> 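Sharing a structure with you now.
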Amino acid sequence: MSSPRAWGTNRPTGPRMSDNADTDADPYTLHDGDEGENGERGFVFWADEMADEIEVRAPEEPIVIKGGISPSGVPHIGNVNEIMRGYFVAEVLRERGHEVRQVFTADDKDRLRGLPRKLADLEGNIVDLGEVDAGALGRNLGKPYTAIPDPFGCCDSYGDHFSMLIGRSADLLGVPIEIESNTAMYEEGEFEESTRYFLENRERAHEVLSKYQDGVDESYIPFLAECENCGHLTDQITSVNLDSNTVEYECVDVEAGEQVIEGCGHEGTATLREGKLPWRFEWVAQWKALGVDFEPFGKDHAEGSWPSGQDIARNVFDFEPPVPMVYEWFTLDGEAFSSSAGNVMLVSEVLDLIEPEVLRYFFAKDPSRARDFNVERIDLLVDEFDRLERIYFGEVEADDREEQRAERIYPFCVEEVCEARIRLPYTFAAVLGMTDDSDLREEIARREGHIPEEAPDWAVEEALSRVESARNWARETENEYDYDLKRTELPDVEVDGNTKRALEELADFVEEGHTPEEIQGEIYEAAKRNDVPVGDFFATGYRLFFDQEQGPKLGQFLGKLDREFVLARLRRER
RNA sequence: GGGCCGGUAGCUCAGUCCGGCAGAGCGUCUGGCUUUUAACCAGACGGUCGCGUGUUCGAAUCGCGCCCGGCCCGCCA
């Protein structure tokens, strides 16, 4: 067997179950051409396909679905893949009558290797490193996240702080996950048996791992000890004593990217609970300890960790690794997520702009496709969701494919299927954000036909809540829906003679006191009387009040504002 | 250098596993609603399905080669 192995070549026929290393499971599980039990293919929802793969193995109940990240910093919406991809599969299995646990490991025994530039408090506010005690963090490089004080002082440790944020992200999306702290699992001995087994069979472990990694020599010992003197994790294990379940170690320097984290040189003894396994072994130990049946992971793991992990599971241990599923990474506004470059977005920030069901819908889409989460055009995502919803309720026509898709996917996106809901079109909601007057918002929405006469109060309230979201979006992106009534300053507007006369006539009309509808009519009349093209005259009006080319229905809107201001502005006095 | 994933209309995306007229929404343009202003309605515009090649009666779809973007093949996770 060559190294690295050409395990991708068995893709077309690779069986899911195997008892030898020549039939490894391809992690690109989606659309892989395997026949289902009765030869049916053509899934409209990828989670159905994954659920089939899991059911074929007849797993014990409860079925365990896992995800996990290390709580090293701000958990952003890229990390939500780990939560939501597993969630949809869990829900499909629950629908089929299975009991399912969705667990999420906080890989918090990992060591802090560098200082993140951005952190986030528990409310999800991003703060710069400089705003917390950076020095205290710097002195803790090399220690496990759970052995480092919380820079915000609100949780027991750095690791707990960011695990808490991950949990809150899941809560916000309505996903019930059980977070398992790696640190706690080590302390409670959950990994002790596996650790002991790896150390006992370290030649075998080395033999398997060396197929995937260079630079692991004969003396390789798969354990990192936590130094009793300085708290750093060290991989310098000098001897293993399985009779007492301990190792001897020396606290040595660690390379972390560009820099070196210095060890203290202490030589000591650690139990198997006072340290950790290297990642590739740890992952397998998690599968074993938790009985994991399914695990989605990013494409970064697909070519490295996964092939070695499943090999270790089968050939060092003797158990079947979980059904894998690779998901493509997505970009944020066309760029990779990067906390150091500030290109991150928290779930809580996204939910300031869109409803949770829309974000859930984003993650219901095909995981194998690379895509962009585009904040500028988030209205398109919302429109797409609204259309899915309308297709589901049979309110718009669509082809069979779309109908099947909506029928299957929509119920998993919403907390509760409710036909009586009302959705204001997102960009229309953004326009309503021009006024803070909630009664006026509702009145305009009703007049434009977006709220039916007999709509119940709760539905109206929920519909109007989108206005706040859409306004946040308009403001954040400073786009054309960022309506802001220019009350304090007169926008710079060029006005020719005809337009000037038309504006004066309109001002006089308003001064006489008329209904909003009459004012709207007068805008047309004033323009026509003075040979000003109607479109141009409206544009001038929007310019004067909003410094924009477009806006809400002008007459009705001006009729609602205080007359004194409207008159002064039409006469361009202030 | 080797491997893997992605590349479909100006934008956001379906369709690719299973070959059968290249699609949706948004956008743009034109017209209509005897007041174009988030409008709405009707119609139109918009594509070398990354490029090439092979197989086929027929290729976005299958094979091979190439281009571009990203990831892995060191450490770490």
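Only heavy atoms go into these numbers, but all of them, side chains included; no hydrogens, no water, no symmetry mates. Just so you know, these numbers come straight off a predicted model, no measurement behind them. Numbers restart at 1 for each chain; the letters A, B, ... are given by sequence-line order, proteins then strands.
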> Using atom P of each nucleotide, how far apart are B:C71 and B:G10 to the nearest Å?
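Rounded to whole Å, the distance is 27 Å.
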
> For atom C1', what is the distance between B:G15 and B:A59, given to the nearest Å?
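Roughly 14 Å separates the two C1' atoms.
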
> With a 3.5 Å limit on both atom pairs, tell me what B:C75 is paired to, counting Watson-Crick and G-U wobble, or say none.
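When the pairing criteria are applied, nothing turns out to pair with B:C75, so the answer is none.
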
> Just wondering, more than 12 heavy atoms not from A:Glu518 lying within 6.0 Å of its CD?
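Yes.
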
> Look through every strand shown and name the nucleotide pairing with B:C4 as Watson-Crick or G-U wobble, where both distances are under 3.5 Å.
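In the structure as shown, B:C4 has B:G70 as its Watson-Crick or wobble partner.
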
> Rounded to whole angstrom units, what separation is found between the OH atom of A:Tyr327 and the P atom of B:C5?
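Taking atom P of B:C5 as the reference, OH of A:Tyr327 is at 17 Å.
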
> Please tell me if A:Lys276 has a side-chain N or O lying less than 4.0 Å from either OP1 or OP2 of B:A77.
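For B:A77, OP1 or OP2 has a side-chain N or O of A:Lys276 closer than 4.0 Å.
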
> Starting from P on B:C11, measure out to CD1 on A:Ile378 and report it in whole angstrom.
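Taking atom P of B:C11 as the reference, CD1 of A:Ile378 is at 19 Å.
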
> Hey, what do you get for OG (A:Ser181) to OH (A:Tyr145), rounding to the nearest 0.5 Å?
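Taking OG in A:Ser181 and OH in A:Tyr145, the distance rounds to 13.5 Å.
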
> Report which part of the nucleic acid A:Asp379 touches: base, sugar-phosphate, or nothing (heavy-atom distance under 4.0 Å, all strands).
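Result for A:Asp379 = nothing.
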
> Using the C1' atom in both, what is the distance from B:G23 to B:C64, to the nearest Å?
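Each nucleotide's C1' atom is 29 Å from the other's.
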
> Please tell me if A:Arg390 has a side-chain N or O lying less than 4.0 Å from either OP1 or OP2 of B:G25.
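Looking at the OP1 and OP2 atoms of B:G25, neither is under 4.0 Å from any side-chain N or O of A:Arg390.
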
> Considering only B:G25, B:A14, B:A77, which nucleotide approaches the side chain of A:Arg387 most closely?
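Of B:G25, B:A14, B:A77, B:G25 is nearest to the side chain of A:Arg387.
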
> For A:Val534 and A:Asp383, take the nucleotide of RNA chain B holding the closest heavy atom to each; which residue's nucleotide lies nearer the 5' end?
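Whichever sits nearer the 5' end wins; that is A:Asp383.
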
> Nearest whole angstrom, please: distance from the C1' of B:A14 to the CZ of A:Phe385.
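To the nearest whole Å, that distance equals 17 Å.
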
> Tell me: CH2 of A:Trp473 to P of B:U12, nearest whole Å?
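In whole Å, B:U12 P and A:Trp473 CH2 are 14 Å from each other.
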
> Which label fits A:Trp287 and A:Trp283: parallel for a plane angle under 30°, tilted from 30 to 60°, or perpendicular past 60°?
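If you compare the ring of A:Trp287 with that of A:Trp283, the planes turn out tilted.
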
> Roughly how many Å apart are B:A22 and B:U30, using the C1' atom of each and rounding to a whole number?
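It works out to 25 Å between them.
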
> Just checking A:Val254: base, sugar-phosphate only, or nothing, at a heavy-atom cut-off of under 4.0 Å?
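The answer is nothing, as A:Val254 stays clear of every strand by at least 4.0 Å.
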
> In whole Å, measure the gap between the P atoms of B:A77 and B:C17 for me.
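Those two atoms are separated by 40 Å.
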
> Report the base-pairing partner of B:U12 (Watson-Crick or G-U wobble, both distances below 3.5 angstrom), or none.
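The answer is B:A24, by the H-bond criterion.
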
> If we take the P atom in both B:U53 and B:A39, what is their distance in whole Å?
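Between the two P atoms, the distance is 45 Å.
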
> Looking only at side-chain N and O atoms, does A:Tyr212 offer a donor or acceptor that is under 3.5 Å from a partner on A:Asp311?
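Looking only at side-chain atoms, A:Tyr212 and A:Asp311 do form a donor-acceptor pair, the distance falling under 3.5 Å.
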
> Among A:Trp329, A:Phe373, A:Phe330, find the one that has a ring-ring contact (aromatic ring centres under 6.0 Å, His included) with A:Phe337.
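So, applying the ring-ring contact (aromatic ring centres under 6.0 Å, His included) to A:Phe337 and each of A:Trp329, A:Phe373, A:Phe330, only A:Phe330 qualifies.
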
> Please report, rounded to the nearest Å, how far the P atom of B:C76 is from the CG atom of A:Leu277.
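Taking atom P of B:C76 as the reference, CG of A:Leu277 is at 13 Å.
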
> So if I take every side-chain heavy atom of A:Asp300 and compare against B:A14, B:A77, B:A38, which nucleotide ends up nearest?
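Nucleotide nearest to A:Asp300's side chain: B:A77.
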
> Any base atoms under 4.0 Å from A:Arg377, or only sugar-phosphate, or nothing? Heavy atoms, all strands.
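Since only primed, P, OP1 and OP2 atoms lie under 4.0 Å of A:Arg377, the category is sugar-phosphate.
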
> Using a cut-off of less than 4.0 Å, is there contact between a side-chain N or O of A:Arg371 and OP1 or OP2 of B:C5?
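A:Arg371 to B:C5 OP1/OP2: no side-chain N or O under 4.0 Å.
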
> Give, for atom CZ of A:Arg360 and atom CZ of A:Phe88, the distance between the pair rounded to the nearest 0.5 Å.
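Result: 6.0 Å between the selected atoms.
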
> Between A:Lys365 and A:Glu328, which has a closest nucleotide on RNA chain B that is more 5'?
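Its nearest nucleotide lies further toward 5', so the answer is A:Glu328.
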
> Hey, would you say the A:Phe393 and A:Tyr410 ring centroids sit under 6.0 Å apart?
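Close enough - the centres of the two rings lie under 6.0 Å apart.
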
> Does B:G15 have OP1 or OP2 under 4.0 Å away from a side-chain N or O of A:Arg401?
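Yes, A:Arg401 has a side-chain N/O under 4.0 Å of OP1/OP2 on B:G15.
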
> Taking pairing as Watson-Crick or G-U wobble with both contacts under 3.5 Å, can you name the mate of B:U53, or confirm there isn't one?
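In the structure as shown, B:U53 has B:G63 as its Watson-Crick or wobble partner.
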
> Side chain of A:Asp372, heavy atoms from C-beta onward: which of B:A77, B:G25, B:C13 has the nearest atom to it?
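Selected nucleotide: B:C13.
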
> What interatomic distance, in whole Å, is found between P of B:C4 and the corresponding atom of B:A44?
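It comes out at 45 Å once rounded to the nearest Å.
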
> From the set B:G25, B:A14, B:A77, return the single nucleotide nearest to any side-chain atom of A:Asp110.
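Nucleotide nearest to A:Asp110's side chain: B:A77.
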
> Restricting to ring pair (Phe, Tyr, Trp, His ring centres under 6.0 Å), what partner residues turn up for A:Phe557, sequence neighbours left out?
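Ring pair (Phe, Tyr, Trp, His ring centres under 6.0 Å) check on A:Phe557 returns A:Phe546.
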
> Rounded to whole angstrom, note down the C1' distance from B:C21 over to B:A42.
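Roughly 24 Å separates the two C1' atoms.
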
> Taking the side chain of A:Arg369 as heavy atoms from C-beta outward, which of B:U8, B:A38, B:C73 is closest to it?
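Comparing B:U8, B:A38, B:C73 against the side chain of A:Arg369, the answer is B:U8.
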
> Nearest to the side chain of A:His301 - B:G6, B:U12, B:A77?
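In terms of side-chain proximity for A:His301, the closest of B:G6, B:U12, B:A77 is B:A77.
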
> Take the protein atom CZ of A:Arg111 and the nucleotide atom P of B:C76, then report the distance between them rounded to whole Å.
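In whole Å, B:C76 P lies 8 Å from A:Arg111 CZ.
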
> For B:G43, which nucleotide in any strand shown is its Watson-Crick or wobble partner with both distances under 3.5 Å?
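Across any shown strand, B:G43 pairs with B:C29.
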
> When you measure from the side chain of A:Lys299, which nucleotide among B:A14, B:C13, B:G69 comes out closest?
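Side chain of A:Lys299 sits closest to B:G69.
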
> Which is true for A:Ser72 with a 4.0 Å heavy-atom rule: it touches a base, it touches only sugar-phosphate, or it touches nothing?
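No contact.
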
> Which part of the nucleic acid, if any, lies within contact of A:Trp329, taking any heavy atom under 4.0 Å across all strands shown: a base, the sugar-phosphate backbone alone, or nothing?
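Sugar-phosphate, backbone atoms only, no base.
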
> Could you check how far CZ of A:Phe281 sits from P of B:A77, rounded to whole Å?
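In whole Å, B:A77 P lies 12 Å from A:Phe281 CZ.
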
> In whole angstrom, give the distance that lies between atom CG of A:Asp366 and atom C1' of B:G6.
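In whole Å, B:G6 C1' lies 11 Å from A:Asp366 CG.
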
> The side chain of A:Glu384 is closest to which nucleotide in this list: B:C13, B:C76, B:A38?
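Looking only at side-chain atoms, A:Glu384 lies closest to B:C13.
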
